[in-house]
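Along the sequence shown, the residues carry numbers beginning at 1. When a ligand or atom number is given, it counts from 1 through the structure's own listing order. Computation of the quantities below employed the complete heavy-atom set of this structure, encompassing side-chain atoms and omitting hydrogens, waters and symmetry-equivalent molecules.
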Amino acid sequence: MDNALLVNYEYCFGCHSCEVACKKSHNLPLGEWGIKVQETTPQKLENGRWMWDFVPYITEKCDFCADRVKEGKKPSCVQHCLAFCIEYGTIEEMVKRLGEVKGKCEILIPR
Ligand code: SF4
Ligand code: SF4
């Protein structure tokens, strides 16, 4: 498989919709996830404000929504992200997008 997800987590606000959408579409049991959102430790900035991020990562349960993609649909997490901050495509396309998109980005590839 040579596809990937690009997550611009600068815009992720930790709503966990991607986790739920993935679990639902794959009928994953309690405690199993295809995507998880991790919250980083808050850091105090020089101006006294606090900063932290929500950073999604995929697990070995992620099959990049092979069945949905075969039907011409977007992966479930991409479809349901409320911040529209997850993109899907080939690794090449996502690397290209990485150079175009402004923000804190990560590319997630299959394990
Ligand atoms: S691409 Fe599909 S299987 Fe992978 S994390 Fe997203 S919803 Fe889950
Ligand atoms: S659905 Fe989008 S905004 Fe919500 S936690 Fe997942 S990546 Fe972040």
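- Other residues, nucleotides and ligands contribute only 12 or fewer heavy atoms inside 6.0 Å of the NZ atom of Lys74.
- The ligand atoms of ligand 2 that sit less than 4.0 angstrom from a heavy atom of His16 are 4 (Fe), 5 (S).
- Taking every heavy atom of Val37 and a limit of under 4.0 angstrom, the matching atoms of ligand 2 come to 5 (S).
- Heavy atoms of other residues, nucleotides or ligands lying less than 6.0 angstrom from CD of Glu60 number more than 12.
- If you number the atoms of ligand 2 from 1 as listed, the ones under 4.0 Å from a heavy atom of Cys85 come out as 2 (Fe), 7 (S).
- For ligand 1, the 4.0 Å heavy-atom shell takes in Cys22, His26, Gly34, Ile35, Ile58, Cys62, Asp63, Phe64, Cys65, Pro75, Ser76, Cys77, ordered by chain and residue number.
- With sequence neighbours excluded, the residues forming a side-chain hydrogen bond (donor to acceptor under 3.5 Å, both in side chains) with Glu71 are Lys73, listed by chain and number.
- The closest approach between Phe13 and ligand 2 falls below 4.0 Å for a heavy atom of the residue.
- Heavy-atom neighbours of Ile109 CD1 from other residues, nucleotides or ligands within 6.0 Å: at or below the threshold of 12.
- The side-chain hydrogen bond (donor to acceptor under 3.5 Å, both in side chains) test applied to His26 returns Asp63, not counting sequence neighbours.
- More than 12 non-hydrogen atoms from other residues, nucleotides or ligands lie less than 6.0 angstrom from CD of Glu10.
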- Should Lys70 and Asp67 be marked as a side chain to side chain contact (heavy atoms under 4.5 Å, CB included) after you check the CA-CA gap, both sets of side-chain angles, and the distance that decides it? CA-CA 5 Å; Lys70 232 183 276 168; Asp67 291 344; 4.0 Å; yes
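- Evaluation of the salt bridge (charged side-chain N to carboxylate O under 4.0 Å, His left out) test over residues 99-109, restricted to residues two or more places apart or in two chains, returns Asp53-Lys104, Lys96-Glu100, Arg97-Glu100.
- Heavy-atom proximity to Ala83, at under 4.0 Å, picks out these atoms of ligand 2: 3 (S).
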- From CA spacing to verdict: side chain to side chain contact (heavy atoms under 4.5 Å, CB included), Phe84, Asn8: CA-CA 9 Å; Phe84 305 104; Asn8 187 347; over 6 Å; no
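- Taking every non-hydrogen atom of Cys15 and a distance limit under 4.0 Å, the qualifying atoms of ligand 2 come out as 1 (S), 3 (S), 4 (Fe), 5 (S).
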